[in-house]
Structure formats: C-alpha cells, structure tokens
A.B. asks: 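Here it is, the structure in full.
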Protein chains: 2
Amino acid sequence: MRTSIATVCLSGGLVEKLHAASSAGFDGVEVFEPDLVAAAESPEEIRALADRLGLRLDLYQPFRDAEGVTEEAFAAVLHRAEAKFALMRRLGIDLMLVCSNVGTATIDDDEVSADQLRRLGDLAGRYDVRIAYEALAWGRYVDDYRRSARIVELADHPRVGLCLDSFHILSRGHHPAGIDEIDAERIFFLQLADAPALSMDVLSWSRHHRLFPGEGSFDLVGFLAHVVRAGYAGPLSLEVFNDTFRQSDPRRTARQALRSLRWLEDQTAARLAASAGLAGSMGSADALTRLTRAGAPTGFDFVEIRAADAGEVETVLEQLGFGFRGRHRSKQVRLWTSGAARVVCSEQQADGTEPRIAAVGFDVADPVAAAARAAELLAPAVARRTYAGEEVLPAFAAPDGTEIFVGHGGGWVAEFGGGTAGAAAPEGAVRAIDHVNLVQSWQDFDEAVLFYASVLALEPAPVAEVAGPAGLVRSQVMRSGRGEVRLPLNLLPAHQDDRQGHAQHVALACDDIVALARSARERGLVPLAVPANYYDDLAARFRLTDERLAELRDLDLLYDRDATGEYLHFYTPTVGGVFFEVIERRGAYDGYGAGNAPVRLASQLGR
Amino acid sequence: MRTSIATVCLSGGLVEKLHAASSAGFDGVEVFEPDLVAAAESPEEIRALADRLGLRLDLYQPFRDAEGVTEEAFAAVLHRAEAKFALMRRLGIDLMLVCSNVGTATIDDDEVSADQLRRLGDLAGRYDVRIAYEALAWGRYVDDYRRSARIVELADHPRVGLCLDSFHILSRGHHPAGIDEIDAERIFFLQLADAPALSMDVLSWSRHHRLFPGEGSFDLVGFLAHVVRAGYAGPLSLEVFNDTFRQSDPRRTARQALRSLRWLEDQTAARLAASAGLAGSMGSADALTRLTRAGAPTGFDFVEIRAADAGEVETVLEQLGFGFRGRHRSKQVRLWTSGAARVVCSEQQADGTEPRIAAVGFDVADPVAAAARAAELLAPAVARRTYAGEEVLPAFAAPDGTEIFVGHGGGWVAEFGGGTAGAAAPEGAVRAIDHVNLVQSWQDFDEAVLFYASVLALEPAPVAEVAGPAGLVRSQVMRSGRGEVRLPLNLLPAHQDDRQGHAQHVALACDDIVALARSARERGLVPLAVPANYYDDLAARFRLTDERLAELRDLDLLYDRDATGEYLHFYTPTVGGVFFEVIERRGAYDGYGAGNAPVRLASQLGR
C-alpha cells in the first residue's frame, strides 16, 4: 500500500523532514501545521520541493475544535477553516485532518456535530478539498471511533470522511472489529502508531511514548487486518512522536519508520492469509507488501571481537578453556572455539579502539533469503572482502552498527588453520554461546527492538529494569522461540558511556560451572570479585547448605533460583568494552540472574 | 527534628553515599539493602565509617513479603528475618522497615497479618531490634496507612510500630488527617517524598518520578503538620528516587535533599502556628527548624551579562534604546539602563566565553535576612571583592551557577560614572525587566524549582511544554505573588547544548512596542525574522485587520491573545548564549506567548 509519514515524527525543519522522508523511500507525508508555520519557505516552495522529491502531500493536520460548538463559535471555525482550505490549495493538498473537539465543545449531540461537519464539507467543496474526522482518545465528547464513524455517516457528505488512528483506538482499549462495518469509501485516511503498555494519562502517553509499529505492545497487525478487510486502499501513514525521535537524525528515523510499515504490511498479509479460510473477505490485502520468508536463526554461528590489540581477550579465552583454531587464510583474524562456541578475534591496528563486539554471526536455514529480507527492511548491507574459494556470508548492519552475519553450517571454519586445537577439551568446558548482551544507546534502543524482530524474527520479551549504582538499566531480551538465540539489549542510562560499567558481554554456557571456575582459576583467571555481603544475603534468601555457600563464595559464583531451576554464573574482568559471563542453567531455569546485576555493576565500577 | 536520608536517593557506592550524606549535614541515613549487598566493605566497616562521619544508621530497608502468608511460607520469612536481624546487630541498626506484602500474600486478614508481625516482633526482641510496618501504595491487600495502623494496633507489641511514607499515602489520594488519631509512640519512622501530579501506574510513578519536598505537587506541609500534631518526634527521613538523582553527584543531591527538609520544617512550623488558635495541639512543633523570614523579591535590581567581549551585547542594548550610564569606579563592568531596567555588562578576558547571564540581582526588603535564609538553605555563598565606600550586595549561587544578588534601593548605581546617560529616553522605551528566562540542564531543573521556591519564596506555576524543532522544551515559571519577578526555567532537551537554539534571555517590558520596534530598526537592529506563514496562520486564528497584520509582519512582531488581553513581542538576534525579547502586555494578559515559541526556536535554528 502507499506509505506516508507525518512530518511531526521527524526532527528538524520542514525542508529537512521532506528530504528525510523521500530518501527513506516514503510515497508521501502528512504536513503538520506547526512545521509549515515555522518554515521560512512559502507554501508554493514547499509544494515544488515535494514534487521534486517525488513526495505526495497527503494530509494537512491538525484542525482542532471544529464541531460540537455554538453557532457563534462555529462562525469563527468557518473563518479559520476557509483560510486553511485556501492554504491547502497553495500546497496542493486535498485532505485535512479534523480532530474531535477537545477545548471548545459545549454541545454533546451527534446531530449538531454532523451538521457542522457537513457545513465544513460544503465549504471544503468550494476549494475542492475534503476533510477526515478523527476521534481523539481525549476528545471532550467524541473519543471513540465508532462514534466518529456514526457522525460521519450522519453528515452524509461526499467531502466528509473518517480518519482512523491506531493509537487513539487501541490506547482506549477499543476493539478494532467495528472497523469491519465501516464503508471503506468513508475511510479517508489511516494513521498508525504503536506504543508500550503504560498506565498513564493518555495525553502524555500519546505525546511522549508513541512508537513505530513493532516497537511497542499494540496489536497493530490485528488492527490493520480489520482496516484492510474493510476495503481501505488509501495510504498507510505513520503518526508517531516521542522524545527520542524529536532529537534524532530525521533520515535515520524515516528509514526506521518505513521498515516498521513494511514489516507491518507483511505480518498483516500473513495474518489475513491464515484466517482467509475462516473469515472470507481479504479486502485490499493484495496491495500489501510481502517480504521474503526467512525464519528465526537456529543458533549462534560466531561472535567477532575487534580491537587494535586482541591479546588480552585471547588470554581470557584461553583461561576459559577455549582452543586456538588458528589464523584465517587471508584475513587478519584468529578463531577460538570451545564446543559449539566460536569467537573470532580481529585486529585492526589503524582502528586504535578497545575490544568491542564487532559482529554476531547467526546460523539460519537460508542465508540468501535472510539477506534479501534484511535488504527489503532497509538494513544497510555490509561488504567484507572475500577471496576465491572462501565462503561468502551475507552481512548487514544493526542500528548500533554491529555487523550481523547470516550463514549455514559453519563451513567457513575450515578456512582457519595452524592452531593448537585438537587438544583435549578441559573438564566442564564451555559448550555454546548462550546469549550476547548488546548495550544500546537511547537513540538505538527502540529501533534495535524493531530491527531484530523484523529482520531476524526474534521475539521481544517484556522489558525489565535493573538498578545499578549509576542509574536504572532498562533491559529487553530478543529471543528465538525455543531460546536457541538470545540477545538481551541493555539501554545505557542517558548521559553515560559504556566505560561506566556498561560493557557488552558474551555469555557462555557450560554443564559444570564449578569445575570450569576451578580450572579457569588454575589457568590464571581472576574472576570479578563478589562481595561477602552478597553471600550473607544469599543465605538469608535461600536455604543453601554451608558447604554449597562456601563453594559459591570461594569461586565468586553468583546464584539465582526460581520455581523452574537454578542459575549459576561468574564474570571475567572487562577488557576494553567487553567481558565474558560463564553460566550454567540447571533444570528449566530460563532467565538471566537479573537480580544479581546490581552486584555485578557495582563490582565492575569498583564501588 | 533529626534528619535522615535513604541511601537509595544517592548515586554511587555505599561509602560514597555515606560521605555525601554526612557532608551535606544529615544526622542519619536509612541503609538500602542492595547498597549493602553490593558493597565490598563488611557491615562492621560500614558501621565504623558511619560513626566516624557522625551519621546514625536509622533504618535497615526494605524487608518484603513478610505477612499475610501461609504458615509454611512464614517459616521461610522467619529464617530470612533472623539473618537480617543478626546483620542489623553487626551494623548497629535497631529498626527494620517491613513493607506490606506485594508478592506472596494469600491471606487477606488483619488478624493473620497482626499475628505474623507479632511473632516477627518476638524474634526482633531476641536481637534487641524493632520493626516498622509500612503500607505500600501497591500492596496486595494492605495499601492504606489506616489499615497498616490497625494491624500494628492489633499486633500490640512493643517492637512492632508503623512507618509512614508520604508518597504511599498521598499518591493514593488518602487524606493524612487519620494520622492525628495514631498513637505517636506507634509511629516508629517517617519517610518523606514529593512527586509531580502524574496520572500513571503508581509503581512507575514511585520508582522514576519521586522528588524532594517542594519540587513536586504533594501537600507535604499539610502532611507533616498531621504527623507533628500526632506527636511524632523521630527523624524526618527522605526516601526519594528518580532517574536524575541516580545519575547525579551524590554530594550535590544530598545538599539539595537537606535544603528540602529545612524548607519543609519551616513551612510546617508556620502552618501549625497559623492554625494553632483553631486546632489546639501543636504536638512536637517546637522541634521543627525555623528559617529566617525573608519575603519574595519586589522586583529585578539588575541582570549581569558576562563575556570575554561584551561589545555585541552593548550594541544590541543601544539599539533597544538603553542609555550608557558609565563604568564602575573599581570593577571592569559597565551599566546600561532604560527606565527601571538595568543591565550590567562585565568583561572577563581570561574567561574566553561567549556572553551569558552571569548574575541576576533582586530587590528585597531586607538583604541581610535574605542572605541569612539562603545560607540556612545551604546555598553556596558567592564572594565579590568590594572596596571602601561601595555597597555590599550579598550573593549566593543558584543550582546552575547563576549568581543571585539581593539588594535594596539600588544605591550601587551611583558607583557608575562617565556615561552618556541623561540623554532623552527614546519614544516607547523599555520600561523594566519583565522576566529572565534561565535555561536549565536536566541535572539542575528540579533543584532549581526548589531553590527559587525556598530561598526566594517564588511560586512555581504549572509546567508547560513547548515543541521545538529539536525536541520538547519543558518550561516552568517561578514568580512572585503579583508577578513583580518572573523567572521562566526552561529545561534543555536531553543530549543538547544551548547552542541548539536554547539560549537564555532577558525579556524587557515596554508600553509601545510598535514605536520601539521602529526606533530600534532605525538604530540598526535586525530583529529575529518571523516567517510569512506565521502571519497567514495568525490571520486564520484571529480576526485582525489587514493593517494590523501588515504592521506585525513588517516589524517581525509576534502576537498572542487570550480572554484577558494581548501580548506582542519581538526578539533580538542571539549573541553568544543570550538574546533579548521585547514585550508589550495589553490588558491583563499574564502569559508569555508560549504558542509562538516553536516559531522562535525554528527561526533561531535557521530551519
């Protein structure tokens, strides 16, 4: 379907916003009035620019406090509307958003509102434009789309239609099934926004916390399915504002926005197809964009740590019992493995940076399909030089710049040689990569959730919060259905950088953490120190035997338990921007020991 | 009364927190358990440090999910409690906070809860400690202080008392009058927190948005009056956490915290004294700290703009019709005046900085009293060198470093000489300083509200939000009762600096802005450009005559109107970090033209 975005979603001036929407690939925009009012360019100049950029100006918005008013007040409404209709002609926009009255409504009567909309429609006709009436969630009298639909029906005017906005409908908990009964010709416009599940006043929620589809908790797929089934064939437009987007690069926000729409169209098409046998009508589903099918990864292929000097990282890997598999035949990279866990260390001397997770490789069923899907979702491709006879792994960049590789079967391992591998694996050795924790800045966090959900089909778990000595850390785990792949995303507290105890880390699974902790110590590892007070608290919380407690204390092991099982873990020292966690899951424990994170953070900060 | 602060209010490790609380002047702290658990220091070392710092360890907190449980679950509670009581002995703490059950309660019965608290009290007796039971606002069954009081009464155990927390009571809208009926001996502890009026789930409100008394919307004065009238004589303790404090310098947070308590004690004493004739008992009011009386300022004395080179600022002042009153007899400062508006320009070559508002002088009835009050409220004194025969103005620093001077009568003006003043004031000249807009960083904002409210007795107006091209700007006006002094505080969007269109400004009042705008242009001023689209929008919103509209447009004047009057204004270009606004208020208009701020911001950013 045609795509559009409200200029209020993007930061900057109106000209910058138009360029950003165009460069992302949007078909059109909604012009947010304050953006035009503050612009130095005339309406004619804006129109010409949009033409040059190939953008349709789909909607002029918002026009407030129009109906449900006294006749005296309505005279002023008509004066105001006429000026705006004339302006729309100059802009070449044929549709205006009219919100349900918040401020000046005094008459709670559908007939009065319908009559006033009808007269606005007559006036709109003289300028050859139309109006789309929208029920705001906080409208004084009209706050439900079923009522705005009834008023539009009563108005019964060819220039008066409806605007549906997912936020205003879903934030009130109104069921979208009523959309099925609306005449599609009456739906003049569709605005889409997601939002996190919050319990706060709906106006603040709307102004500060809207998100693009796929980043929040609304069932937008179900919502759009109703609209499509109703037969709506106009543009899908995003009206999303939050405190982050307002401060972000508008080009990047626009790309993220279009990604969300493509994902939403694809998901909706799949939902409609699945229910077609039951529900009958598919409405305008054929117009929905479909993405290349590619399932979730089935495991981690590798993690790449890049540094000017990776020596310290390799020392830690050796202490953890990893075997050195050798150098790559043509690149400056070295491979370390333990069981199925593969860590690639790459050195870029010119780089000069501290060790960081530069890339994460995933095992997927069809790497070519996965890469095609990523491209359709506007993930920037990453090119790495390969030579004849080497396996080519497609790669693309995550929002924070981490390179994501998709491969199958790990044939690339054979390109490494000259290592000391083959030596017997130590007792209790690392078996696999359990999870990779990627720290996100505030600019990247929501986009990363959408990225991993749409591109890699990972599912977002509920958001958790962890208190550290320098602020709350928001954490959300993206995972494949059965947990083969887990990516906890940690939001860096604002105004901090990752030197303040918020490094990335790779968690390595083993089957006997006590043995591994011992052997690692014998090989020289000094694990992150855990304070004695922590073990006193453990003793109070859990009935552990003295022997068990002493063992945990002696080895600096952290412990968690829930109804399903136990979690034991320890941490290596941080090297640059990276550390390792070694974990053992016992029973069906499926968490990450979040309750221990404050202790870990304090210890890393030396507090 | 004795003052205390929960360590969770302060950022950093436990040792840092103790130092911060001590250096601010607190008498004690509440030890937040996770701070102790994460500390490398033993309980004995923490106790010894607190002793050295002169801090009493008033409370160990929190102990969760203790009552309303099955007998089986209660056995685990007793195990956990005994370990904590033993720990408290090591710390030398004799009081533990027990919160009403959130997670494990299955029995909604006051008798059961009372019985379990009584048995906890017996156990506490064996360790010579006590417990204070608190109703959390989100407790599963017990979420009202009147119910927790009833349970404590039922328990009827000398070691079982009540903790009252203003957040948990006022956030639920529970009236504090019931406190009057509680036996003061049962009130073991008092926790104080303020909060903004928000409509959101109470748990998030509590975790992220608590504020120190005087920074939010709760009536803490009324609350504390009830507690004091009940006869409570224990410590006043702050339990406040929000996302800002967790990331701020703990020493500074601690000072801000103690300021809030002193202000609260003083206000409460005044409230009790005022109602003494009516209400009878003053309870423990004599123990409340009283501050030196000093009323709100009666006007602006001066604004000082400091720069390496103030030449450009002086040019703008001259264009606005200010007269040059000359140099100071001993300092590198120059005085410009127009009517009652006085602007001092100071040059500090070594400084090298762009022009900024360095100081604001206020007219007060008694400068010595005002300065004494500021010192009692922990405002850092500012020393400026004065010479024999010169007027000494007391000065102290606001949270953002702005120097606040308090004077009376403006006798210091006579210390300036050699200017060209005396020349006839131009037509429509500036009459006075109307307001001074001080941009605050996120670290300073809430503290600034408390600072101006407590030190200068200014009243906070409701918070407003203004959309700019680079983010929402939060704005709160601090003003004296009749508006003689107005200080709008603007919160800089996070992650931005003031070069992005968020400079400070001085608003100058005049009686004929059209004449002044004309004469300023004749003197060479090029005012901030206002886009033509703005005037099209004005025409739609207000019925202005074409002549009037043309006049506004020609002079780049902005316009606002409400039921009480009109507001006309224009802006000078920004010089470094400062610009001037010239305003004319017509009728009883009392606002600031906030609706025009986005246009101003966009124009300043050149967007």
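In what follows, every chain begins at residue 1, and chains take the letters A, B, ... in the order their sequences are listed. Because the structure is predicted, anything quoted here is derived from the model rather than measured.
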A.B. asks: Testing A:Val530, A:Val599, A:Asn596, A:Asp536 one by one against B:Val37 for a side chain to side chain contact (heavy atoms under 4.5 Å, CB included), which residue passes?
C.D. replies: A:Val599

A.B. asks: Looking at every non-hydrogen atom in both residues, tell me the closest pair between B:Ala38 and A:Ala602 and how far apart they are.
C.D. replies: CB-CB, 3.6 Å

A.B. asks: How long is the span from the CG atom in B:Asn533 to the CD atom in A:Glu45, to the nearest 0.5 Å?
C.D. replies: 9.0 Å

A.B. asks: At a 4.5 Å cut-off on heavy atoms, which part of B:Pro43 comes close to chain A: side chain, backbone, both, or neither?
C.D. replies: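 Looking at B:Pro43, backbone and side chain both touch chain A.
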
A.B. asks: Between B:Ala532 and chain A, which part of the residue has a heavy atom less than 4.5 Å away: side chain, backbone, both or neither?
C.D. replies: neither

A.B. asks: Can you see which heavy atom on B:Glu33 is nearest to which on A:Asp537, and at what distance?
C.D. replies: OE2-OD1, 3.7 Å

A.B. asks: What are the two closest non-hydrogen atoms of A:Arg541 and B:Arg80, and how far apart are they?
C.D. replies: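 Heavy-atom minimum between the residues: CA-CD, 4.4 Å.
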
A.B. asks: Any idea which of B:Ala86, B:Ala539, B:Pro34, B:Pro531 has the most non-hydrogen atom pairs under 4.5 angstrom with chain A?
C.D. replies: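 Between B:Ala86, B:Ala539, B:Pro34, B:Pro531, the count favours B:Pro531.
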
A.B. asks: Is B:Glu82 in contact with chain A via its backbone, its side chain, both, or neither, using a 4.5 Å heavy-atom distance?
C.D. replies: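 For B:Glu82, no heavy atom lies under 4.5 Å from chain A.
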
A.B. asks: Checking heavy atoms, do the side chain of B:Ala76, its backbone, both or neither come under 4.5 Å from chain A?
C.D. replies: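 Answer is backbone: N, CA, C or O of B:Ala76 sit under 4.5 Å from chain A.
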
A.B. asks: Which atom pair, heavy atoms only, marks the closest approach of B:Lys84 to A:Ala540?
C.D. replies: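 In this case the closest contact between B:Lys84 and A:Ala540 is CE-CB, 3.8 Å.
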
A.B. asks: Please look at B:Phe542 and chain A and tell me whether the side chain, the backbone, both or neither of the residue comes under 4.5 angstrom of a heavy atom of that chain.
C.D. replies: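 Just the backbone, heavy atoms under 4.5 Å.
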
